[in-house]
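Counting starts at 1 for both ligands and their atoms, in listed order.
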Amino acid sequence: MTRSIYTKLVAIILVLIVALMTVVGAFLMQGVRNFYVESFYTQMQEIFARTDIATDLRAAADSADAAELMAEILRANMGRLGIDSDSRNYYILDGKTGAYLTGSDAEAGPKLAVTRNILTALSGSEGYEAGSSDSYMDVALPVSGESGSYIIYIIDSKSTMTSLNAELFGIILNAIGIGLAISIILSLLLAKTMVTPIQELTQAAKKVAAGDFSEKVENPAQDEIGVLTRTFNDMAGQLERNIEDLKSSEQVRREFVANVSHELRTPVTSIRSYAETLADAGGSLDAETEQHFLEVIVGESDRMAKIVQDLLLLSHFDAGQTAFSYEEFSFEKSIRDVYEAQMLEAKKHHHSFQLEFRCALPAVWGDRARIEQVLINMVSNAIKYTRDGGRIRMTAGCKDDTVWCSVRDNGIGIPKADVDRVFERFYRVDKARSRESGGTGLGLSIAYEIVQRHNGTLTLKSQQGKGTTITMTLPVGGPQDA
Ligand code: ADP
């Protein structure tokens, strides 16, 4: 890629320079040619029409040695006429035949070709016509007098112009050479400034493709490559975050599967061992022990069924398949119902259990049964995780367009490190204690999902050894989509 951009850029600039110089050179040379021809004819016309040379020539035509006299006049005006006897010469020709009489180049004179302008002069008119493709330029003027008719003929071989153009051509070639050298250097520098950031980007892209996101490409330029670089960095950052998210959700998934297997294996193991003991005994156990074994088997089966049921509910939440039946219901009545239903359990553990309303609660739009399920979970956790004889207080109130209910206990509390994790599936601070009290570690996860579906919040504050407060808030109007 590098070579291609370098080559392309250098080639384009070189072609451009050569083309430009050629066009300029061609125009320049053509300009010189035109100027040279034009100035020759203007000069001749001015001299022969406006100066006394013409008058002198006409007067000379009357004398007997007219040709010599005319030649003398022309010789005397060689400077004005630009006669150098080399590229430009004058001749006196016979006005009737065009034959050479005398001139500045006696050698070339007799061999003069009969040009268009000489023919014009022979017919009596002035020949000032310039032929653009001719290798010469000439003027032929008829002059008649008493001694006869003559033609004053000036011819220029254009050799001065040709050598001037040759010199110009050399200068242009030189200029092309220098221009090429400069443009090669410039285009290499230009290509380098373009190619280097692209190379850096390519390297970084290769690293990203190999999973290494550590390198960020620096390019503060405001041009397209600068923008591309920053976009690349953003893309790499986003990609890195996505991969991190994927990794952590993969980790959560693995942990979840491991937890499910473990949670289900425990009851299965104890069911199996109790059932095996019963089978092995073949009826030899006393009725009381048999009854106890059977109760354990039933208890463990119930536990398994509850775990499976909770998991099914969570997976339905995840898939968005759980239908919520929204209605307007009295939040206050739900709280009272839960309070009364849990009172017996609280009493069993000798807890003082109180209920307080801070305001008259408005009716709420939501799924009553599921909200009550959350309330039950909040209270039953407080009962479970508070030593017998503890204090549990349910408080409810309202703020703006929301209602809230919190359950505070002075129980065992949760260590700081675990507080943020209690809403995770199967997360339990003390597995044995949770299991003993029939917990599955899924209660708060389910509660969290339910409250979220209502656009509410569920927050937990706790201090180890001091107690826990869990608070649910709900928007009175329910979720937007309900
Ligand atoms: P579980 O079925 O184990 O009660 P939850 O999801 O309801 O599961 O709660 C998760 C964990 O959070 C519990 O195992 C317990 O360790 C902790 N927890 C919940 N509520 C309280 C509380 N009021 N006091 C102390 N710990 C609590």
*asked:* Could you tell me if R453 sits above the aromatic ring of F317, with its cationic atom closer than 6.0 Å to the ring centre and no more than 45 degrees from the axis?
replied: no
_F324 and H454 aromatic centres sub-6.0 Å_ = yes
*Nitrogen or oxygen of L444 less than 3.5 angstrom from that of ligand 1*: yes
_If you measure every N or O of Y385 against every N or O of ligand 1, does any of those distances drop under 3.5 Å?_
yes
*Would you please classify the geometry between the W365 ring and the Y326 ring as parallel, tilted or perpendicular, with 30° and 60° separating the classes?*
parallel
*Against heavy atoms of V422, which atoms of ligand 1 measure under 4.0 Å?*
10 (C), 12 (O)
*Check D418 against ligand 1 and report side chain, backbone, both or neither, counting heavy atoms closer than 4.0 Å.*
neither
_Nearest non-hydrogen protein atom, atom 16 (O) of ligand 1_ = V429 N, 3.0 Å
*Among protein heavy atoms, which sits nearest to atom 10 (C) of ligand 1, and what does the distance come to when rounded to 0.1 Å?*
Y427 O, 3.3 Å
*asked:* My understanding is that only one of V260, L312, D302, T440 makes a side chain to side chain contact (heavy atoms under 4.5 Å, CB included) with I307; could you say which?
replied: T440
_Parallel, tilted or perpendicular: which one describes the rings of F353 and Y339, with boundaries at 30° and 60°?_
tilted
*Nearest-option assignment for atom 27 (C) of ligand 1, heavy atoms, candidates I414, I392, D409*: I414
*CZ/R408: more than 12 non-hydrogen atoms of other groups inside 6.0 Å*: no
*Provide, to 0.1 Å, the distance between atom 3 (O) of ligand 1 and the closest protein heavy atom, together with that atom's residue and name.*
S434 OG, 2.6 Å
*N/O to N/O below 3.5 Å, does that happen between L460 and ligand 1?*
no
_Test of proximity, G441 against ligand 1: N or O pairs below 3.5 Å_ = yes
*Looking at ligand 1, does M378 have a heavy atom less than 4.0 Å from it?*
no
*Nearest protein heavy-atom contact for atom 14 (O) of ligand 1: which residue, which atom, what distance?*
R428 CG, 3.0 Å
*Geometric N/O contact N381 with ligand 1, under 3.5 angstrom*: yes
*How about S214 and D212: does a side-chain donor come under 3.5 Å of a side-chain acceptor?*
yes
*asked:* Is it the case that the side chains of T289 and D286 hold a donor-acceptor pair, with the cut-off being a distance below 3.5 Å and no angle test?
replied: yes
